[in-house]
Amino acid sequence: MPNQYNITYRTENTYENWVNDAYWQFLIIPMENNTQHHIDVEFSNSLFAVNEFSINGYGFRAIRVHSKKKFKKINFEAKFSFIKDHTDPFNFPLEINDSLAYKEINELIFKINFEAFLRSTPLTKLPNDVDSIFEFNLSNTIFENLQELNKWTFTHLQFKTGVTQVDTKLTDIISVKQGVCQDFTHLFCAIARQNGIPTRYVSGYLNQEHGLLGDSQMHAWAECYIPQVGWKGFDPTNNILANTNHIKVCHGKDYNDCSPLRGIIYSHGRNKTTHTVKVQSQEQ
């Protein structure tokens with residue numbers, strides 16, 4: 001049975017001194033895909049600045065706001081409603097030729113086609129002294145290895161807020177063994193790519209009504225391309241495959257491609273930003 005989802009996203013920005021000019025980009029709209037349908041979007045801001053909709057470099061919808069009014073505080077509110085089909089993450093062909101799959105990921109044309117999601121980035125670069133922290137067992141299938149990596153990441157890190165920042169490198173994350181969903185995902189992406197698997201960083205929402213771990217704002221997980229299967233979602237924060245509770249917004253190489261809010265503010269002094277996200281679902 002499909003679910004009716006309603007999501008409310010709110011953010012409040014306050015500034016110590018007057019802001020004379022400001023630009024924002026929001027990457028928070030649930031994407032339309034084969035499991036998410038009829039996306040309805042409402043977006044407003046307290047200054048009544050004009051909202052413009054655009055498409056980012058990866059093809060995902062973004063909202064841009066340019067305020068020309070002088071202000072010290074601005075609120076944004078987004079409401080999304082849509083239908084989410086039930087997703088069975090294990091619904092894919094089981095009769096896979098493992099030797100052909102491993103052969104394919106080592107072919108040059110494969111590496112060229114998936115180059116963007118095979119290379120490391122500053123946020124997904126493993127330290128040199130731990131470059132073999134997790135290696136695939138070639139007697140297992142690629143899917144089985146990715147499941148093991150999902151479990152390994154889940155057990156290797158402890159979910160804890162306030163320890164890392166959005167730009168924390170893997171060196172520090174591996175050292176403290178703590179972090180939030182973006183840290184779990186960056187580590188998973190780095191290791192999967194090191195083992196030759198194209199891996200995307202995914203940003204979206206998580207329905208936490210069933211006790212799943214995640215940030216109170218946006219959630220992060222990974223998508224891996226498996227030959228003969230396609231893209232499959234892995235959530236290392238919860239050691240599960242992405243399912244009906246995962247609402248995708250966008251993907252990229254790492255957090256920097258998927259940041260839900262970016263801004264350019266012409267002011268000085270301190271500022272504070274608060275976010276709240278409410279996810280509700282109901283079976284149709």
Side-chain angles (χ1 to χ4, degrees), residues 5-33 36 39-82 121-123 161-162 164-168 180-183 185-186 200-206 214-221 246-280:
Y5 267 102
N6 295 290
I7 297 176
T8 302
Y9 174 102
R10 293 189 179 97
T11 183
E12 178 179 281
N13 297 354
T14 56
Y15 302 89
E16 181 180 12
N17 296 297
W18 288 105
V19 177
N20 297 303
D21 200 6
Y23 298 82
W24 293 275
Q25 176 180 281
F26 291 85
L27 202 53
I28 58 174
I29 303 174
M31 71 173 294
E32 187 102 21
N33 58 26
Q36 297 174 185
I39 313 290
D40 184 61
V41 180
E42 295 180 23
F43 189 84
S44 62
N45 63 81
S46 58
L47 297 181
F48 302 101
V50 175
N51 305 320
E52 296 181 348
F53 290 83
S54 62
I55 303 297
N56 78 349
Y58 285 99
F60 299 104
R61 295 178 69 191
I63 305 170
R64 294 181 178 178
V65 183
H66 177 202
S67 173
K68 300 178 182 180
K69 294 181 180 179
K70 189 177 175 181
F71 66 92
K72 285 189 175 182
K73 178 179 177 180
I74 184 169
N75 297 327
F76 299 94
E77 180 178 272
K79 292 185 177 181
F80 310 112
S81 63
F82 56 96
T121 67
L123 292 176
T161 59
T164 58
Q165 307 295 324
V166 295
D167 58 352
T168 300
V180 293
C181 57
Q182 69 195 31
D183 304 311
T185 304
H186 282 148
R200 306 190 292 211
Y201 179 102
V202 180
S203 177
Y205 302 99
L206 181 67
D215 293 347
S216 59
Q217 303 165 31
M218 305 290 286
H219 190 55
W221 61 96
H246 295 75
I247 300 104
K248 182 175 178 177
V249 168
C250 62
H251 65 244
K253 298 182 296 298
D254 58 25
Y255 174 86
N256 285 333
D257 288 336
C258 302
S259 175
L261 175 58
R262 295 180 183 275
I264 300 174
I265 309 298
Y266 293 91
S267 183
H268 64 278
R270 291 172 296 180
N271 66 83
K272 181 180 179 182
T273 300
T274 59
H275 303 270
T276 61
V277 173
K278 186 176 182 180
V279 179
Q280 296 173 296

Are the aromatic ring centres of Tyr255 and His186 under 6.0 angstrom apart?
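Centroid separation for Tyr255 and His186: 6.0 Å or greater.
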Parallel, tilted or perpendicular: which one describes the rings of Tyr23 and His66, with boundaries at 30° and 60°?
parallel
Heavy-atom closest contact ([X] atom, [Y] atom, distance):
X	Y	result
Ile247	Pro30	CG2-CB, 3.9 Å
Cys258	His251	SG-C, 3.5 Å
Val249	Tyr205	CG2-CE1, 3.5 Å

Atom pair [atom1] ([X]) and [atom2] ([Y]), whose distance is rounded to the nearest 0.5 Å:
X	Y	atom1	atom2	value
Ile55	Arg61	CD1	CZ	6.5 Å
Ile28	Ser259	CD1	OG	11.0 Å
Gln25	Ser54	CD	OG	5.5 Å
Ser267	Asn17	OG	CG	5.5 Å
His275	Met218	NE2	CE	10.0 Å

Are [X] and [Y] side-chain neighbours, meaning at least one heavy-atom pair lies under 4.5 Å?
X	Y	answer
Val279	Leu206	no
Lys69	Val19	no
Asn20	Phe71	no
Val41	Phe53	yes
Thr274	Thr276	no
Ile265	Asn271	no
Thr273	Thr11	yes
Gln182	Val166	yes

Taking [X] for the side chain and [Y] for the main chain, is one N or O donor matched with an acceptor at less than 3.5 Å?
X	Y	value
Asn51	Phe43	yes
His246	Ala220	no
Gln36	Met31	yes
Glu52	Ala62	no
Lys70	Trp18	no
Ser203	Cys250	no

Carefully, step by step, assess Ile7 and Lys278 under the rule side chain to side chain contact (heavy atoms under 4.5 Å, CB included).
CA-CA 6 Å; Ile7 297 176; Lys278 186 176 182 180; over 6 Å; no
Does the side chain of Tyr58 pick up a donor-acceptor pair with the side chain of Asp257 at under 3.5 Å?
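Tyr58 vs Asp257: donor-acceptor pair found between side chains.
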Do Thr121 and Asp254 get their side chains close enough for a donor-acceptor pair, meaning under 3.5 Å?
yes
Heavy atoms of other groups near Ile264 CD1, more than 12 under 6.0 Å
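No, CD1 of Ile264 has 12 or fewer neighbouring heavy atoms, counting only those of other groups under 6.0 Å.
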Is atom NE2 of His268 surrounded by more than 12 heavy atoms (other residues, nucleotides or ligands) closer than 6.0 Å?
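Atom NE2 in His268 is not crowded, with 12 or fewer foreign heavy atoms closer than 6.0 Å.
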Between Ile63 and Ile29, is a side chain to side chain contact (heavy atoms under 4.5 Å, CB included) present by the stated rule, with each step listed?
CA-CA 8 Å; Ile63 305 170; Ile29 303 174; 3.7 Å; yes
Per-pair distances, 0.1 Å, donor-acceptor, side chain in residues 73-82, under 3.5 Å, sequence neighbours excluded:
{"unit_1": "Glu77", "atom_1": "OE1", "unit_2": "Arg10", "atom_2": "NE", "d": "2.5"}
{"unit_1": "Glu77", "atom_1": "OE1", "unit_2": "Arg10", "atom_2": "NH2", "d": "3.1"}

